K.L.:
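Structure provided below as structure tokens; questions to follow.
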Amino acid sequence: MDTNRLDKPRTPASPGGRMPLREHLRELRNRLAKALLFVFLGTVAGWYLHPWLITELTGPSCHLPGLHGIAPATSACPNGLMVMQGVMTPLTFTFKVALAAGVVISSPFWSYQLWAFAAPGLHCHEKRYTLGFVAAAVPLFLSGAGLAYWVFPKALRILLGFTPGSFSNFLQGDQFLEFFIRMILVFGISFEMPLLLVLLNFAGVVSAGSLLARWRTLVMLIFVFSALATPTGDPLTMMVLAVPMTALFAVSLSVIVWRDRVRTRRAASAALSPDEASSIDLTPSQIEVPVGSGD
């Protein structure tokens, strides 16, 4: 990473013109500290919002028809599915809900820190994409989280539909919502991965040629990742995650191909100096004598 691309270099450049590894690690530490600070502030906000959040998270399952738990029915949960066990469970559960909310609320800020870590390695004309990166990262994360919120009740209905009629499911509220929150975070972060590819391309780590040569393998890995990452493990949830990720991968690959072509054209233009004289072809050419001449 060239030091002349840095806005405010903290240490002198090495003789080779590259940023020392220690400086990279210090920058990574600072960015992580800032990201964690924003997550903490979002968690504080999530703590005050947790009653509303818990109602919204339990609503899709508490109103599933044909399902009844051992807990007494309440107005918030008519089928009585939600129960908790243990003295400390309510406190730890509330903290986990607040932490998950903090990750979602602070997503614009830690997304910016991710971009800012790679930005020093970019040219000045490339840094103008900072706002665009954050503007794309936040909707992608929220879209993935929203998709998980939409598909989870449907997956839950399918999975619990295998319960025999003479049985009733015992669902611990804390384990159930941890399961649900983990699914929301997995979907949200997964939707960020294609954007991460674009970021790596901007940083010069991956190229369009290497991705095009392995696109079949990458698509297969997306489906494998979806099967392993989805907490439910059912084919419906896997496909709901894998298909949008594949579409987003295709979009990110198109952006990378376009950008590499622009970079190649700019490199070719930069190689031509306006003050450099063009080469002259001094090879003699044969002169033909016109037919009918007097000679």
Side-chain angles (χ1 to χ4, degrees), residues 35 38-39 41-43 45-46 49-50 52-61 96-116 118 129-158 177-202 211 215 218-219 221-256 258-259:
F38 287 121
V39 171
L41 295 176
T43 303
L49 293 173
H50 79 269
W52 175 79
L53 291 171
I54 292 175
T55 301
E56 291 298 315
L57 291 172
T58 56
S61 57
K96 290 176 183 178
V97 172
L99 178 60
V103 173
V104 176
I105 293 172
S106 62
S107 57
F109 304 101
W110 56 256
S111 297
Y112 172 77
Q113 296 301 321
L114 176 65
W115 173 265
Y129 297 116
T130 299
L131 189 60
F133 174 85
V134 178
V138 175
L140 283 175
F141 182 84
L142 297 180
S143 297
L147 181 61
Y149 185 85
W150 174 78
V151 76
F152 184 75
K154 297 172 175 56
L156 186 67
R157 185 182 293 111
I158 293 174
L177 284 189
E178 285 178 17
F179 185 80
F180 194 1
I181 291 171
R182 186 167 70 248
M183 183 172 173
I184 289 176
L185 294 179
V186 164
F187 269 64
I189 295 174
S190 298
F191 272 46
E192 299 272 4
M193 288 186 179
L195 193 61
L196 181 61
L197 277 180
V198 177
L199 177 62
L200 293 175
N201 175 257
F202 271 70
L211 294 176
W215 72 268
L218 293 173
V219 171
L221 291 176
I222 288 175
F223 278 83
V224 172
F225 169 80
S226 300
L228 297 176
T230 50
T232 57
D234 62 289
L236 171 65
T237 310
M238 182 199 75
M239 293 299 296
V240 169
L241 178 60
V243 172
M245 280 191 66
T246 304
L248 290 172
F249 168 71
V251 173
S252 64
L253 185 57
S254 301
V255 172
I256 291 172
W258 167 79
R259 186 179 175 280

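Quick caveat, the model's predicted, so the values are computed rather than measured.
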K.L.:
List in chain and number order the residues that pass side chain to side chain contact (heavy atoms under 4.5 Å, CB included) with L53, two or more places apart in sequence or in another chain; answer none if no residue qualifies.
P.N.:
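Counting only residues at least two positions away or on another chain, L53 forms a side chain to side chain contact (heavy atoms under 4.5 Å, CB included) with L49, V97, A101.
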K.L.:
Please name the pair of heavy atoms, one in G46 and one in A98, separated by the smallest distance, quoted to 0.1 Å.
P.N.:
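Smallest interatomic distance, heavy atoms only, reads C-CB, 3.8 Å.
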K.L.:
Minimum heavy-atom separation for S226 to L241, with atom names?
P.N.:
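Taking S226 first and L241 second, the nearest heavy atoms are OG-CG, 3.7 Å.
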K.L.:
Listed by chain and number, what are the side chain to side chain contact (heavy atoms under 4.5 Å, CB included) partners of A148, not counting sequence neighbours?
P.N.:
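M183, I184, F187.
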K.L.:
In chain order, what residues pass the side chain to side chain contact (heavy atoms under 4.5 Å, CB included) check against T246, with sequence neighbours excluded?
P.N.:
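Counting only residues at least two positions away or on another chain, T246 forms a side chain to side chain contact (heavy atoms under 4.5 Å, CB included) with V219, I222, F223.
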K.L.:
Kindly compute the distance separating CZ (R182) from NZ (K96), expressed to the nearest 0.5 Å.
P.N.:
10.0 Å
K.L.:
Could you check if a side-chain atom of L197 sits within less than 4.5 angstrom of a side-chain atom of N201, using non-hydrogen atoms only?
P.N.:
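The answer is no; the side chains never approach within 4.5 Å.
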K.L.:
Using side-chain contact (heavy atoms from CB on, under 4.5 Å), reason through F191 and L147 one step at a time and then give a plain yes or no.
P.N.:
CA-CA 10 Å; F191 272 46; L147 181 61; 3.7 Å; yes
K.L.:
Describe, in one word, how the ring planes of W110 and F141 are oriented to each other, choosing from parallel (under 30°), tilted (30 to 60°) and perpendicular (over 60°).
P.N.:
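Because their plane-to-plane angle is over 60°, the rings of W110 and F141 count as perpendicular.
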K.L.:
I need the M245 CE to E192 CD distance, nearest 0.5 Å.
P.N.:
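With rounding to 0.5 Å, CE (M245) is 11.0 Å from CD (E192).
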K.L.:
Passes side-chain contact (heavy atoms from CB on, under 4.5 Å), L99 versus V39? Steps please.
P.N.:
CA-CA 8 Å; L99 178 60; V39 171; 4.2 Å; yes
